[in-house]
Each structure stands twice: as structure tokens, then as C-alpha cells.
Amino acid sequence: MGTVSSRLPVFPWDRLEPYKATAAAHADGIVDLSVGTPVDPVPALVQKALTDAADSPGYPTVWGTAALRDALTGWAERRLGATGLAHTNVLPVVGSKELVAWLPTQLGLGAGDRVAYPRLAYPTYEVGARLVGAEPVVYDDPWELDPAGLKLLWLNSPSNPTGRVLSAEELRRTVAWAREHGVLLFSDECYIELGWEADPVSVLHPDVCGGSYDGIVSVHSLSKRSNLAGYRAAFLAGDAAVLGELLQIRKHGGMMIPAPVQAATVAALGDTEHVGEQRERYARRRTALREALEAAGFRIEHSQASLYLWATRDESCWDTVADLAKRGVLVAPGDFYGMAGERFVRVAFTATDERVDAAVRRLAQ
């Protein structure tokens, strides 16, 4: 029973529990800026779509309803600039983390194969590789990788944790390199709606992929843009051959989005007003926290997009975590995302306005 779990690192958030307890003991309560979970209400039109579809006694399909696939292709065309998408170019998934963790398994990778991801990255890219016994490989510039045995290349723009945004030229160069060497490219674009000082571009944009989706797939989520982390609503778009194979595997595995969540996804993707309102909330919180952190001696790097500020005081990330926990503020240590982050912390601005104001006051002390 322990053979597979022994391949994996310690679950990172378990290491933060003692600091969470310290922060929670603050007289005015904890300000949790660590995980980055949405706290604002699910949009009313999404809640209505969910409840209207609540009487769904039958099994949903893995590929989703035609209405859902229309919503996915329509959104990708409008928002990403993707052209000519058919239903075969999209696939709903049960949250993006599930997809990231199990993709190497579903692709049939194993020992002797290599999976590459950024040096500073979401830990689940590594977990997915280790689950199948593949070799995880980190990179600074993907086109400098050794392509031998490399079967899966992850991009992440906007980046979690740094908020860095890859330019269209960087994306174009990487797509060309991956195609030249026959490497499947998956681009995690879950924060693409949350650009602040940059306008993130998708690998599906014709200026990047040349109008062809061969060998490329983008990953998208409604968790952040629509406060739907609790709904587990996400999807893939791109190479029809790759998605068709994944669809067959996922049918056998019963990896289905519940029918009411499918209906809620259609409603969420068809509306932009709630996205703009949520962006305004996050923009206010981001500005307040950035100014407070900089006034407290922190330096902010990258952070052009996403829901986080990548901050440092040029000390061990755990020293920073401990100091802020004493003030009742919990942040994520940078080494959760790779040793290159050992002197940084990731500060989420997903707390309520009241809790953000509390953090600002405490940082000034």
C-alpha cells in the first residue's frame, strides 16, 4: 500500500500547520494568505444554473453536454483568440489539479520517460511524474532541455507561484521547439484572466501556434475567474488526437463532471460581468498588500499576473513565514515550489477586504 506514496514528497501544506496554529492564536484572528482559495460569493447566475439543473438523476457523460462543449469552444475563441475549434478540440475535466496529477498516467508514461516543468512551479507537475515512475526535470528555458526521452513538457503562464507571464515570442519559440522534437506540450493557463501588468497570451493563439493545434493543449479552470474552486470545473483545449485519447481513457475511469456543474460552467463562461467585478476586488486587495509589503521592507518580483505576490526580504522563506505568523498572517514558503524559491514567500490576495485590511495594519507594526 505504501509503495506508490513513497515516491512522493511530503504533502507541502502539512509542513505549514504549526505556523498556521501560531497565526490562528493572534488576538484578532488569522489572516490566511497561503493557499489562495477563493472567498467571495459564487456569482448568482452560476448558483441559479446549478440549482436549476439539480434534478439530474442520470449519469453525466465524460465529454459533457453539447451545450457545455459549445461554451468551451466559444469561450476559447472569444477569450484566447483560438480559431476553428470543434467539439473534438475540447474536453471537460474534474478540476485542473486532477488533470495535472494524473496526466502522465493517462498518457501511458512510465520509467525511462521524462516530464519537464519550470524550476519554480506548482508541485503537482512533479507529483504527476513521480506517480508513474517517470523522471521529473526542471528547466529555466524549455528550449534548452535535452529532448531525449522527454515525453511531456509543462508550461505555466501566468506562473504559480511567481506571477511571471511568458511573452508571445517565448511561447512561439517553445511551441516550435516542442514540435521539432516531438514533445507533447501542455500549457497551464489557469490564471490567464488575471493579468495585471501584462496581458497573458495562450498557446492556442494563432500568433503562437500558427493556427494549428498539433502537439499542444491548454489547461483552463473556473476556480479563480468565477470563484468555483468548490465546483471542480476545468477543461482542456487543443490537439484533437490527444484529447480524443484522453476522452477514451477517462470514459473507462468514469471521470465525469456532475451534470449540475456542467450547467453552471455554461453559465459562468457565458458571462463576463462577474469576471470584471471579481478582478476589481482582487485589484484593490493586490494594491493594498503590495504597498504594505514594500513599506515593510519586502521586494516584489515578477507578479505581473495571477492571484499572488512573489515577495522576499532576502532571508530564508521559513524565517519570513515564522515572523509573519507571529503577526497572525500566514503565507506560503517559496520552497514549496522548488528550491529556487527558498528566499521568497507567496502571498495570496484572495482574503476578504476586512482580512486584507487587517494584514495591512499588521505589516505596518
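Reckoned from all heavy atoms, side chains included, excluding hydrogens, waters and symmetry mates. Note that the structure is predicted; figures quoted are calculated from it, not measured.
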Pair Glu169 + Arg172, salt bridge at N-O below 4.0 Å: yes
Inter-residue atom distance Leu103.CG - Gln106.CD, 0.5 Å rounding: 6.5 Å
Trp143 backbone acceptor or donor facing Asp141 side chain under 3.5 Å: no
Cluster link Phe11 to Tyr125, ILVMFWY, side chain under 4.5 Å: no
Separation of Leu99 CG from Arg250 CZ (nearest 0.5 Å): 6.0 Å
Partners passing salt bridge (Lys or Arg N to Asp or Glu O under 4.0 Å) against Glu197 (at least two apart in sequence or in another chain): Arg286, Arg290
For Arg15 against Asp335, the heavy-atom pair lying closest together: NH2-OD2, 3.8 Å
Note, Val208 side chain near Ser202 side chain (heavy atom, < 4.5 Å): no
Residues Met255, Val93; criterion side-chain contact (heavy atoms from CB on, under 4.5 Å); working and verdict: CA-CA 7 Å; Met255 304 178 90; Val93 295; over 6 Å; no
Side chains of Val321 and Pro333 in contact at under 4.5 Å (non-hydrogen atoms): yes
Considering all heavy atoms, the nearest Val165-Glu170 contact: O-OE1, 4.3 Å
Salt bridge present between Arg284 and Asp353 (N-O < 4.0 angstrom): yes
Where Met256 and Thr61 come nearest, the two heavy atoms and their spacing: CG-C, 4.2 Å
Student check: side-chain heavy atoms of Trp177 and Leu145 closer than 4.5 Å: yes
Considering all heavy atoms, the nearest Pro161-Arg346 contact: CB-CD, 3.6 Å
Thr73 side chain to Leu85 backbone, donor-acceptor under 3.5 Å: no
Side-chain donor/acceptor of Ser159 to backbone N/O of Asn156, under 3.5 Å: no
Heavy-atom side-chain proximity of Glu294 to Ile300 below 4.5 angstrom: yes
Inter-residue atom distance Cys190.SG - Leu307.CG, 0.5 Å rounding: 11.0 Å
Tyr139 versus Arg119, side-chain donor and acceptor atoms under 3.5 Å: no
Path from Val175 to Phe186 over hydrophobic side-chain contacts below 4.5 Å: no
Expected output: side-chain Arg232 to main-chain Val261 donor-acceptor under 3.5 Å: no
Pairwise side-chain contact, Lys151 with Val183, heavy-atom cut-off 4.5 Å (strictly under): no
Shortest non-hydrogen contact from Val138 toward Pro118: CG1-O, 4.2 Å
Derivation and outcome, side-chain contact (heavy atoms from CB on, under 4.5 Å), residues Tyr231 and Ser223: CA-CA 8 Å; Tyr231 283 44; Ser223 295; over 6 Å; no
Heavy atoms from other residues, nucleotides or ligands near CG of Asp314 exceed 12 (cutoff 6.0 Å): yes
Heavy-atom donor-acceptor pair, Arg130 side chain to Glu126 backbone, under 3.5 Å: no
Face-on cation placement of Arg285 at Phe349 ring, 6.0 Å and 45° thresholds: no
side-chain contact (heavy atoms from CB on, under 4.5 Å) between Val203 and Leu155, intermediate numbers included: CA-CA 9 Å; Val203 292; Leu155 296 182; 4.2 Å; yes
Heavy-atom closest pair, residues His87 and Asp70: NE2-OD1, 2.7 Å
Report all side-chain donor-acceptor pairs from residues 235-249 shorter than 3.5 Å, counting only partners two or more places apart or in another chain.
{"from": "Asp239", "atom 1": "OD1", "to": "Ala241", "atom 2": "N", "distance (Å)": "2.8"}
{"from": "Asp239", "atom 1": "OD1", "to": "Val242", "atom 2": "N", "distance (Å)": "3.4"}
{"from": "Asp239", "atom 1": "OD2", "to": "Gly215", "atom 2": "N", "distance (Å)": "2.6"}

Glu273, CD atom: more than 12 neighbouring heavy atoms under 6.0 Å: no
Common cluster, Val275/Leu194, ILVMFWY with side-chain heavy-atom separation under 4.5 Å: no
Trace of the side-chain contact (heavy atoms from CB on, under 4.5 Å) decision for Leu269 with Leu72: CA-CA 7 Å; Leu269 290 177; Leu72 301 182; 3.5 Å; yes
Sidechain-backbone polar pair: Gln278 side chain, His274 backbone, donor-acceptor under 3.5 Å: no
Min side-chain heavy-atom separation Val219-Ser187 under 4.5 Å: no
Check: Ser56 side chain, Ala53 main-chain N or O, donor-acceptor pair, under 3.5 Å: yes
Check: Pro158 main-chain N/O paired with Ser306 side-chain donor or acceptor under 3.5 Å: no
Donor-acceptor contact below 3.5 Å, side chain Arg164 vs main chain Gln304: no
Heavy-atom side-chain contact between Leu289 and Val356 under 4.5 Å: yes
Distance in Å, Ser157 OG paired with Glu189 CD, rounded so as to fall on 0.5 Å steps: 7.5 Å
OG1 on Thr174 to CG on Leu153, rounded to 0.5 Å: 7.0 Å
Partner set under salt bridge (Lys or Arg N to Asp or Glu O under 4.0 Å) for Glu301, not counting sequence neighbours: Arg299
Exceeds 12 heavy-atom contacts within 6.0 angstrom, atom CH2 of Trp63: yes
Interatomic spacing from CG in Asp40 to OG in Ser226 - rounded to 0.5 Å: 12.0 Å
Partners passing salt bridge (Lys or Arg N to Asp or Glu O under 4.0 Å) against Asp319 (at least two apart in sequence or in another chain): none
Side-chain donor/acceptor of Asp140 to backbone N/O of Pro142, under 3.5 Å: no
Connected via hydrophobic side-chain network under 4.5 Å: Val132 and Val127: no
Centroid separation Trp196 to Tyr282 less than 6.0 Å: no
Contacts of type salt bridge (Lys or Arg N to Asp or Glu O under 4.0 Å), residue Arg313, not counting sequence neighbours: Glu315, Asp323
Tyr117 ring center within less than 6.0 Å of Tyr122 ring center: no
Val42 with Ile257, same ILVMFWY side-chain cluster at under 4.5 Å: yes
Ring pair (Phe, Tyr, Trp, His ring centres under 6.0 Å) partners of residues 16-60, not counting sequence neighbours, each pair once: Tyr19-Trp318
Heavy-atom check, side chain of Trp75 versus side chain of Arg79, under 4.5 Å: yes
Reference residue Arg355; test side chain to side chain contact (heavy atoms under 4.5 Å, CB included); the match among Thr350, Val31, Val39: Val31
